[in-house]
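Before any comments, here is the structure.
Scope of the values below: all heavy atoms of this structure, side chains included, with no hydrogens, waters or symmetry mates. Residue numbering restarts at 1 for every chain, and letters A, B, ... go by the order of the sequence lines.
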Amino acid sequence: MEYNHKQIEKKWQNYWDEKQSFKAETGNEKESYYILVEFPYPSAAGLHVGHVRSYTAQDALARMKRMQGYNILYPMGWDAFGAPAEQYAIKNHIHPKAAVQESIRNFKGQMKDLGFSFDWSREFSTTDPEYYKWTQWQFLQFYKHGMAYKDTVPVNWCPTCKSVLSNEDAAGGVCERCGDTVVQKEKSQWMLRMSDYSEDLLKGLDDTNFADRVKLGQINWIGKSTGVELDVEIVGGGKFSVFTTCIETIYGITFFVIAPDGKLIKELMPRVTNKEEVNKYIQETAKKSSMDRTELNKGKTGCRVEGIMAINPVNGKEVPIFLGDFVLGDYGTGAVMAVPSHDQRDFEYAEEHKLEMIQVIDGRDTDKQAFEKQDYLNKDCKLINSEEFTGLTVEEAKEAITEKLVNEGIARKVNNYKMRDWVFSRQRFWGEPIPMIYCEKCGWQPMKEEDLPLLLPDVAEYEPTEDGESPLANITDWVNTTCPCCGGAAKRETDTMPNWAGSSWYFLRFMDPHNDKEFASMDAMKYWKKVDWYNGGMEHTARHLLYARFWVQFLYNIGLVPNKEMIWTRVSHGMVLGNNNEKMSKSKGNVINPDDIVNEYGADTLRLYEMFMGDYTQDAPWSTDSLRGCRRFIDKVIRLKDKIGAGEGYSKELESIIHKTIKKVQNDLTTMAYNTAVSSLMILANSMDDKKSITKDEYHLLLTLLNPIAPHITEELNEMSGFKPLCETAWPTYDESKTIDSEKEIPVQINGKVKATVKIALDEEESSVKEKVYSAVENLLEGKNIVKEIYVKNKIYNIVVK
RNA sequence: GCCGAUGUGGCGGAAUUGGCAGACGCACUAGACUCAAAAUCUAGCGGGAAACCAUGUGGGUUCGAGUCCCACCAUCGGUACCA
């Protein structure tokens, strides 16, 4: 048969479309199973072969599970708000909406050409008013529950472009567009109280089945640390607090360091006697970009805060206070107790500023560097120079000191988290408008829910204003409105939401995408329950996933979703690299366009190759040669059709391998071992090819197993062989007993080295095995002294000789 | 620096979780078919003449280690002074 992949693939894509083969019906009696791939950002560049990898993987799972009788929800949509579309629009002088529509059309066409079994009836874009209405509505719920607030926070600001930059655009402390140095600028922004959920987000991980490395990513990002918050008196009145995880070193305090950007120094200012020097240092710090500030090996800059001394609460010792930019204003209390003998940063600061050091834990010299907690904890180290606590182990002292200070009412056990509140404002046009109105008289007021959606106005200019306000600020008749509270003149918020907003709940919308009464009905969400299997890139396993979980937990707490966690399994795929093992990029000229491959080799070949190319969770380089090998495999499957003979059922010779292959493919597709699933299918095809003829049932089975990965050609060959369509066929079952070989060849070792093999029956008597083994290696045992014999049933026989 | 992942033929990668290392595929070599090529088929394909040696390096545990333990090295990601 001539393999015209274009014609065959189109034919079956049309068939699936017409028959609505992949439509997910909410509420039907089958067991639900929700498979999700991250919806893409529809860029002008089109689909990447990396998309093809993950979409095919999930498609194969979806197709197999559908055949196994599950009601599969495998949806697709578009995450289309955000900076790239806006940039593209500015550059090409078209409306971002038009640019996005064009890209979506292109993406969708490409996806259809690849034969993914998405339920297209559920498609939507985050930029649809029908969708972002609910994103805005949910923001209002955050606001009404006290979870959204305005605060002044530093943002990355490019003085040349006069633009606020995201952290990504400001990577390395320079503006991505013009290369100028980014500075920090204070700006009033909407914030979501995500830090309130630190503990819940940590605990919630127990109710998920995320891959370990994904969980770990979440845990690290939340960054919990347990310690003590300690009150410190100031000589002459007043006090401040410090956070420490090493209270056992409290007798080693020789100074305190406070953050130059924190609130504390502002409070202390009136009593400072070297105001000029202190102010200068504060200004210097503010000028530094966040990158400069956090760069290591910069030396520990800072200055003494003169005129104020602090008192060590345990021994009344008076110690100086310093400013230092290694202390962060927004972590802990913005102040630390400095114990240079036992903290490397404190040590460096003390050396720089020639300050006293007191060693309080015995076990190592502290002349050259600090003796830190990772080196002294759980090593049975004892305290020195610590009055009543001297002689206790570190672990004992930690508890005893904490207890004493807590009882005295000057310390509290606390947890601190690295995770901050979510900065939710963007000074951009192409995002969901934040539905808030500012009235001189009534302050910030939420829009009335019935007035949603607040549409983005249709305008011609998307450039940000001179002072970095959102482009929306220029549109006077959109900005000016009336106060929902008093009816007087008021102004709209002109910032928009971040890209992360729309993607934080889209998986809920897929459960009920056309609902115009609610973002999704409780019934629909209860039916689909949760995302059973969520696949995405490693780059999203920290932030996107955390935002989405936060969003869901909030909705759960106000009774709007059925579960606290709505995503069960999260897996992440490796990237498809160029043939030179580098990331694909235009500048490197190693980009493979999936359209070209589909054209020349067919979608099935591309799908098969991407599943075969290697460990799914690891990066893999592109190889067109290997791709051709996959095309050859399909050719072989086509040729096998000519071997169909008269018989029925499975022949004796193939029965065992058939059952093994069913088992293998089935397991591999559910454990992301796609490459070995393909190889086992190749082995099956090879053993069919070795025979003079095969039965039509054997051929049908091969096609069925291959169908999830290469759906078009298998449907075609299946139809030609006289069977009903595979997408309407049940997945085959295997008989465990037939996957076990009745005969085995096991290795015989002498001193751990293989010397021979013997053929044994399954579970053969040990004495009989021994007999065979001895006759096989008789000559090698002559004159040797047998020390030991190990027989692992059905596996190996090892003889130890001297 | 810290956290994580990875390291196996010329290449992509397998290895039932401690039991014949290199499945499957690519590339390559030889042969068959062909006027010739492509396609296909057949055979070979880690090193070594062999004993043997080989899973980043060096130790260890074990009858037996790619797999477990210890100490390193290299590459790639993430993160950035978090008290």
P-based separation of B/G59 from B/G12 [nearest Å]: 28 Å

Given RNA chain B, 5'-ward residue of the pair A/Tyr616 and A/Ser626, judged by closest heavy atom: A/Tyr616

Nearest-Å distance once atom C1' is located in both B/U34 and B/C41: 13 Å

Electrostatic pair A/Asp635-A/Arg632, nearest N-O below 4.0 angstrom: no

Sugar-phosphate, base or nothing in reach of A/Gln344, heavy atoms under 4.0 Å: nothing

Between B/A23 (P) and A/Phe633 (CZ): distance, integer Å: 17 Å

Sugar-phosphate, base or nothing in reach of A/Asp619, heavy atoms under 4.0 Å: sugar-phosphate

5' precedence on RNA chain B between A/Gly614 and A/Ile683 (nearest-nucleotide basis): A/Gly614

Side chains of A/Lys398 and A/Ile247 in contact at under 4.5 Å (non-hydrogen atoms): yes

Touch class at under 4.0 angstrom, heavy-atom based, for A/Arg631 against every strand present: nothing

A/Lys643 bridged to A/Asp689 by N-O distance under 4.0 Å: yes

B/C24 to B/G44 separation - P atoms, rounded to the nearest Å: 12 Å

Validation row: A/Arg412, A/Val228 side chains within 4.5 angstrom (heavy atoms): no

Nearest to side-chain heavy atoms of A/Ile790, which nucleotide of B/C26, B/A83, B/G19: B/G19

Interatomic distance where OH belongs to A/Tyr601 and P belongs to B/C26 [whole Å]: 13 Å

Between B/A14 and B/A23 - P atom distance, rounded Å: 13 Å

Spacing of A/Ile253 atom CD1 relative to B/A83 atom C1', expressed in whole Å: 12 Å

Sugar-phosphate only, base, or nothing, as touched by A/Gly629 at under 4.0 Å among non-hydrogen atoms: sugar-phosphate

Atom P, compared across B/U6 and B/U42: separation rounded to whole Å: 37 Å

Nucleotide B/C2, atom P - distance to CG of A/Asn220 in whole Å: 14 Å

Candidates B/G4, B/C82, B/G25 - which lies nearest the side chain of A/Arg213: B/G4

Nearest-Å distance for atom pair CG/P, residues A/Asp635 and B/A38: 16 Å

Where do N or O atoms of nucleotides 64-70 of chain B meet protein N or O atoms at under 3.5 Å, pair by pair?
none

Assigned glycosidic conformation for B/G9 [threshold 90° from 0]: syn

Residue A/Ser679, side-chain atoms from C-beta onward, closest of B/C24, B/C82, B/G19: B/C24

Integer-rounded Å distance: B/A14 C1' and A/Met613 CE: 16 Å

Pair A/Lys663 + A/Asp735: basic N to acidic O under 4.0 Å: no

Rounded C1' spacing from B/A65 to B/G18 in Å: 7 Å

A/Glu399, CD: over 12 other non-hydrogen atoms inside 6.0 angstrom: no

Sugar-phosphate only, base, or nothing, as touched by A/Lys755 at under 4.0 Å among non-hydrogen atoms: sugar-phosphate

Sugar-phosphate, base or nothing in reach of A/Ser623, heavy atoms under 4.0 Å: nothing

Rounded distance (Å) that lies between atom C1' of B/A15 and atom CG of A/Asp668: 13 Å

Sugar-phosphate, base or nothing in reach of A/Asn416, heavy atoms under 4.0 Å: nothing

Under-4.0 Å side-chain N/O to phosphate OP1/OP2 contact, A/Asn675 with B/A23: no

Heavy-atom check, side chain of A/Phe347 versus side chain of A/Glu372, under 4.5 Å: no

Who pairs with B/G77 - Watson-Crick or G-U, where each distance is under 3.5 Å: B/C3

From B/U40, B/A83, B/C20, nucleotide with atom closest to A/Arg632 side chain: B/U40

Nearest atoms (heavy-atom pairs only) where A/Pro594 meets A/Val52: CB-CG2, 4.1 Å

Below 4.0 Å: OP1/OP2 of B/C41 and any side-chain N or O of A/Arg639: yes

Touch class at under 4.0 angstrom, heavy-atom based, for A/Val792 against every strand present: base

Close side-chain approach of A/Glu764 and A/Lys744, heavy atoms under 4.5 Å: no

Value in whole Å for how far the C1' atom of B/U16 lies from CD1 of A/Ile746: 16 Å

Closest to side chain of A/Asp343, choosing from B/G25, B/A83, B/C26: B/A83

Any A/Ser225 side-chain nitrogen or oxygen under 4.0 Å from OP1 or OP2 of B/A83: yes

Polar side-chain contact A/Arg345-B/C82 base: donor and acceptor under 3.5 Å: no

Heavy-atom side-chain contact between A/Met688 and A/Leu702 under 4.5 Å: yes

